Amino acid sequence: NSLWNAILQAYASNRHKAEAEKIYYEMPLWNVFSWNYMVMLYCNSSEFDKAQGFVSTMPVKDIVTWTALLAGHARAGHVKLAKTIFDTMPEHNVVSWNAMINVYGTNGDLKNAESLFNSVMREKDIVSHTSMIQAFAQNNDLHGAVRTFERMPYRDIVSWTTMITTYAQYGDVDSAKDMFNSMPQRNLVTWTAMIQAYCSNGFLEEAKITMDKLPLWSITLGNVLLQGYAENGYVELAKQVFDRMEEKDIVTWTSMVSAHAQNLDLVEAEKIFYEMPEWSQIAWNALLAAYARTGKLERVRRTFEMVPEKE
RNA sequence: CCUACUAUGAAUAAGCGU
């Protein structure tokens, strides 16, 4: 049974809906784990009606079911629904509280995040503290973020990396670098965060030097460098990075379209756009914005017609 | 006491708003 569930999980978390449903109906026995995987599947593919309907047919629901629904709605930006689920679920634990801190934090409600954290939660873990750091960081309270980091009982690589990003967002690259240097271990995400910290603050040389020290490579890293060059006005260098990347993802392509578009180089932007293996909503938007800014209203209209899924 | 198949936190893309 756990073997079936493991397969179901693999399909569900990779959003292979058809395969997941097939496994679900083929497996000999369901339990709350299997049901929860299905809830996650529907949430991850933004089919909330289906998720909701599925939940209402489940003979057993547990706190994981509710938290998965809560987090799913939160990810999709359904803040009120997320809060309603939180308020009506039969019990809370550290995971559901953490999820709710995130909802509050990413939606500008620092007050409620803090009161959950300070007054309601009787148990807190590393995730609680890290989520609270983020809540402060996203709501214009660098000191709150630093204070939380300094006071937390244990830190892990995620909390350290969060601080790198936080300092970088506030333009304090030196402190970001201090974090990077003082943390006990680093992984690829850490390095990428540090390089992004340099790039977004205009320290391209430092970014390049740091990257050369790193024996690893990833598409995200290439994307960071590409965007770093582009947003600092070096579209040519961005294009060089782009051309050298053997593997590209949708972000790579979109970043390159957007780099040209923001440079108002419509010819190059379109060229990359038509070479893209699939079109992202964001790439469409980048093109539209460039047409609009150059006064090509007719092209805006025609392109707008072509956008498959309009937001 | 041991055991575990689920939910929450970190890095990269457009516009809008602040």
Side-chain angles (χ1 to χ4, degrees), chain A residues 1-10 12-13 31-41 43-44 62-72 74-75 86 89 92-103 105-106 108 125-135 137 139-140 155-166 168-169 179 183 186-197 199-200 218-228 230-231 249-259 261-262 269 280-290 292-293 311:
Chain A
N1 190 239
S2 18
L3 185 59
W4 285 94
N5 276 337
I7 299 169
L8 180 58
Q9 176 188 29
S13 50
N31 62 14
V32 70
F33 287 80
S34 354
W35 294 318
N36 285 339
Y37 286 128
M38 293 307 282
V39 174
M40 290 164 60
L41 170 72
C43 285
N44 289 339
D62 63 9
I63 194 165
V64 176
T65 319
W66 298 113
T67 311
L69 255 191
L70 191 170
R75 250 177 268 124
F86 181 77
M89 58 198 281
H92 294 145
N93 65 8
V94 68
V95 176
S96 54
W97 282 318
N98 291 346
M100 204 54 210
I101 287 191
N102 263 303
V103 173
T106 51
D125 60 10
I126 282 197
V127 177
S128 323
H129 287 85
T130 310
S131 300
M132 202 56 225
I133 291 173
Q134 282 232 98
N139 290 282
N140 230 328
R155 299 169 191 89
D156 64 7
I157 198 159
V158 176
S159 39
W160 283 96
T161 307
T162 302
M163 286 310 293
I164 293 178
T165 306
T166 297
Q169 281 164 353
M179 290 289 127
M183 58 197 290
R186 297 157 199 90
N187 62 15
L188 184 56
V189 174
T190 315
W191 282 86
T192 310
M194 192 62 233
I195 289 163
Q196 165 66 10
C199 284
S200 61
S218 72
I219 298 182
T220 300
L221 210 44
N223 294 345
V224 166
L225 191 63
L226 190 165
Q227 290 154 28
E231 76 195 27
D249 64 9
I250 187 99
V251 176
T252 318
W253 288 96
T254 307
S255 304
M256 202 60 237
V257 170
S258 151
Q262 289 183 344
S280 62
Q281 177 73 250
I282 295 178
W284 283 105
N285 291 351
L287 265 192
L288 280 172
R293 253 186 293 143
E311 277 184 291

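All values derive from a computational prediction rather than experimental measurement.
- Checked against B/U8, B/A11, B/G9, the side chain of A/Val158 finds its nearest nucleotide in B/G9.
- Per the geometry, CG belonging to A/Asn44 stands 11 Å off C1' belonging to B/A7, to the nearest Å.
- Straight-line distance from the NE2 atom of A/His92 to the C1' atom of B/A7: 13 Å, rounded to whole Å.
- Taking both residues in full, the closest heavy atoms of A/Ala269 and A/Val257 are given as CB-O, 3.9 Å, listed atom of the first, atom of the second, then distance.
- Of the listed nucleotides (B/G9, B/U6, B/A11), B/U6 has the atom at the smallest distance from the side chain of A/Asp62.
- Using a 4.0 Å heavy-atom distance criterion, A/Met256 is classed as making no nucleic acid contact.
- Across all strands shown, A/Arg155 has no heavy atoms under 4.0 Å from either base or sugar-phosphate atoms.
- For A/Val95, the side-chain atoms get nearest to B/A7 when compared with the rest of B/A7, B/G15, B/A10.
- In this structure, A/Trp66 has no ring-ring contact (aromatic ring centres under 6.0 Å, His included) partners at least two apart in sequence or on a different chain.
- Listed nucleotides B/G9, B/G15, B/A11 differ in distance to A/Ile126; the shortest reach to its side chain belongs to B/G9.
- At a cut-off of 3.5 angstrom, counting only N and O atoms as typed in the model, there is no donor on one side facing an acceptor on the other between the side-chain of A/Asn98 and the base of B/A7.
- Side chains of A/Asn31 and A/Ser34: a donor-acceptor N/O pair is present below 3.5 angstrom, by distance only.
- Counting non-hydrogen atoms under 4.0 angstrom, A/Ser258 reaches the backbone sugars and phosphates but no base.
- Residue A/Gln281 has no polar side-chain atom (N or O) positioned under 4.0 Å from OP1 or OP2 of B/A14.
- Contact annotation for A/Gln262: backbone-only contact, meaning every heavy-atom pair under 4.0 Å involves sugar-phosphate atoms and none involves a base.
- Candidate nucleotides B/A10, B/G9, B/A14 were compared by shortest atom distance to the side chain of A/Asn102, and B/G9 ranks first.
- Applying the ring-ring contact (aromatic ring centres under 6.0 Å, His included) criterion to A/Trp4, with sequence neighbours excluded, gives no partner residue.
- Looking at heavy-atom distances under 4.0 Å, A/Ala6 makes no contact with the nucleic acid at all.
- Judged by distance alone, with hydrogens and angles left aside, A/Asn93 brings a side-chain donor or acceptor within reach of the base of B/A7, the pair sitting under 3.5 Å.
- A/Leu287 places its CG atom 13 Å from the C1' atom of B/A13, with the value rounded to the nearest Å.
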Verdict with reasoning, A/Thr65 to A/Asp62, per side-chain hydrogen bond (donor to acceptor under 3.5 Å, both in side chains): CA-CA 5 Å; A/Thr65 319; A/Asp62 63 9; 3.0 Å; yes
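- A search for side chain to side chain contact (heavy atoms under 4.5 Å, CB included) contacts involving A/Ile282 returns A/Thr254, A/Ser280, not counting sequence neighbours.
- The side chain to side chain contact (heavy atoms under 4.5 Å, CB included) search around A/Asp156 returns A/Ile126, A/Val158, A/Ser159, not counting sequence neighbours.
- For the pair A/Leu3 CG and B/A4 P, the computed distance is 16 Å after rounding to whole Å.
- Atom CD1 of A/Ile219 and atom C1' of B/A13 are 14 Å apart (whole Å).
- A/Asn139 comes within 4.0 angstrom of no nucleic acid atom, judged by non-hydrogen atoms across all strands.
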Check the interface with nucleotides 16-18 of chain B: list each N/O to N/O pair with the protein under 3.5 Å, or write none.
none

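- Side-chain to base pairing of A/Ser131 with B/G9: no donor and acceptor N or O lie closer than 3.5 Å to each other.
- Note: CG (A/Leu8) to P (B/A7) measures 12 Å, nearest angstrom.
- Comparing B/U6, B/A14, B/A7 against the side chain of A/Phe33 picks out B/U6 as the nearest.
- Contacts of A/Val251 with the nucleic acid, taken as non-hydrogen atoms under 4.0 Å apart, include base atoms.
- No donor-acceptor contact under 3.5 angstrom links the side chains of A/Asn5 and A/Ser2, judged on distance only.
- With hydrogens and angles ignored, a donor-acceptor pair closer than 3.5 Å exists between the side chain of A/Asp156 and the base of B/G9.
- Listed nucleotides B/U8, B/U6, B/A13 differ in distance to A/Arg75; the shortest reach to its side chain belongs to B/U8.
- Nucleotide B/A10 holds its C1' atom 13 Å from the CD atom of A/Gln196, rounded to whole Å.
- The residue A/Ile101 sits apart from the nucleic acid: no heavy atom pair falls under 4.0 Å.
- Every side chain to side chain contact (heavy atoms under 4.5 Å, CB included) that A/Asn93 has, sequence neighbours left out, goes to A/Ile63, A/Val95, A/Ser96.
- A straight line from CG of A/Leu288 to P of B/A14 spans 15 Å, rounded to a whole angstrom.
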